[in-house]
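Worksheet: the structure to be examined is printed underneath.
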Amino acid sequence: VATLRHRWKTAEEQLGADVPELLLLATHTVEPLVPAVGLALITRGAPRRVSARSYVLAPQALAEVARSPAPPRDVVMLADFEGVFGADPGDERFERDLAQLIDGIRGVAGREVQMWMCLLPPPRYLDAADTFAGGRLARWYHANSEILAVAAASARVGVVDLPAVLLDHDRGAFDDRLWFFALQPYAPGVLEALAEAIARRVAAVTHVPYKALALDCDGVLWGGVLGEDGPEGIKVGDTDPVGRAFQATQRALLRLVRRGVLLALCSKNDAADVWAIIDGHSGMLLRREHFSAAEIGWQPKSESISAIAQHLGILPEAVVFLDDNPAEVAEVSARLPECCSVLAPQDPVTLARFIVSQDWFDAGPATREDRRRTYMMLDERARRERSAELSPEDYLADLGLHVEVAAVDEGNIGRVVQLLNKTNQFNLSVHRYDEAALRDTLQREGWFGVTLTVSDRFGDYGLTGLAIAGPEDRALRVDSFLMSCRVLGRNIEDVLLSVVAERAEELGLEAIRLDVVVTDRNQPAHEFLARRRWPAHEAGVHEIGLVGAVRWPRHVAVERIETAV
Amino acid sequence: MPDVREIAAAVLGVPTSDLTEQSAPGDISGWDSLATLEILTEIEEQTGVSLDLEEIVELATIGDWERIVSQKLEVQR
């Protein structure tokens, strides 16, 4: 770069007074590009004086050019996804920023300026979840197709295909010999990476994900050793190069939280010191509310992991433990071999990419319930504390339970299928469905699905109750009747059965026939029948009368949501 | 140096002794254009040489492969 810069300096001095200006704008550092662009333009017979402005806000910088009394001949805008939309834009932010960017491009092109917009490079640290609805992948393509559309509409807007430049860099990705020889476009190394990417996506659908990630602090969440360097020596945040790497790591971890992964702290430190950083350090992205459990102290980490698992109500085999100290990883591997113990890379630069490259938490698309799981755990903690203070009846009354009754529709069918396939305990028939089979069933004459979405004053449980039923002779055949274990012990199942009985009555039917299957895990569902004095200790169809079925619990407020069919 | 004949035999799934200098795609069952592609990729990866398209197209027998690879390695030294 030094020699390039030197050559450009010499060449620039020899440019005539009438040579037009080209302005490079970028949301990142762009000065190193100036000599190469200047020299390449001279070689191609289109010399320009090249100026550059780094770290701009794209719409504002473009608006400034549009207002300028003497704008440059050419403007080249380079933006990275994060520089325009932030790291994880929501719908609203994305739409607004995209509209502003497009307006900015149009504004510049309205002057006598040739606008060159570089298509955006892919978002950083893409992972499997980004391929789903609301993920960054669709946003990236959408943004680039909008840029292409504005270019198509105006001769003064051109695009530079920056993603293709990245792909084709050093001819690394494509092997033209193999293309001409065998019509096989990619280099062998790329084939392996492509195969990995395809396999990971395909396998994710049936992969059983871990549920929690237990994290060491020093060297994993931040740079520095808290116990030795003190809070001032901790590196995390965008003012320090190493701090940026750890902030990128935390951003990757935060995405995991949003997907429903439970984070836990597992650190040998003074607890007060760790919480002071988490609550108070300005560079931290992960805060107290993102951690569902914490074991901070001098006990062996295997004991901490066991305690974390117990606290979260999961088994150690559902926990990934990440630490940068080989001794700690070895200790946990030896004493808790069922836990997935992983040595974190020592170089913080590679940490974020390391985390997103792992398939620990790969699964199908996240439902709203998955995304809220961390917050549900916190709600549950508050409930547990309250229940210790009250009698069972007073506790139920105190919860302020609220149930929304709604039909199965397009908005909730993903969650309904998930519930049908995941619920083992309170599930009378354990009929499993894929989405297509469920749609078929619901299209049968008179058949319906009813869902319960439960909340209380501590928080939401999400869509946690479901029945699928349809008429058969003079009775209502209940094919599936199930509740998520999150809401057991709150008499919500009485609400579900009452709703079903009500529907049977509306349809002019006289009885309910419940499909019952006995598995080694669905005891809670059988206990429900036993409590209501309906014997059901064997598999088959169990018929009950409508009158006995209806029992609205007094401590639950029921609201019916009308959905257009 | 990795042996061209051994690489080819491994890709084609035949004993190395089955391949002679005259062995060519027509003689060995399973030696189709995809196998050629795989032999090429393996040889390039293991020896560090790189063949031009025209060189690849000219290759007929195992002897041709051996000659071009040793020539290339000679030049590299």
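In what follows, chains are A, B, ... by sequence order, proteins preceding strands, each numbered from 1.
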Supply the atom-to-atom distance B:Ile56 CD1 to A:Leu178 CG, rounded to the nearest 0.5 angstrom. 6.5 Å

What's the separation between atom CZ in A:Phe181 and atom CG in B:Leu37, rounded to the nearest 0.5 Å? 6.5 Å

Can you find a pair of side-chain heavy atoms, one from B:Asp52 and one from A:Arg177, that are under 4.5 Å apart? no

A:Phe180 side chain near B:Val57 side chain, heavy-atom distance below 4.5 Å: no

Heavy atoms under 4.5 Å from chain A: which residues of residues 38-46 of chain B carry them? B:Leu40, B:Thr41, B:Glu44

State whether the number of non-hydrogen atoms from other residues, nucleotides or ligands found under 6.0 Å of A:Arg124 atom CZ is greater than 12. no

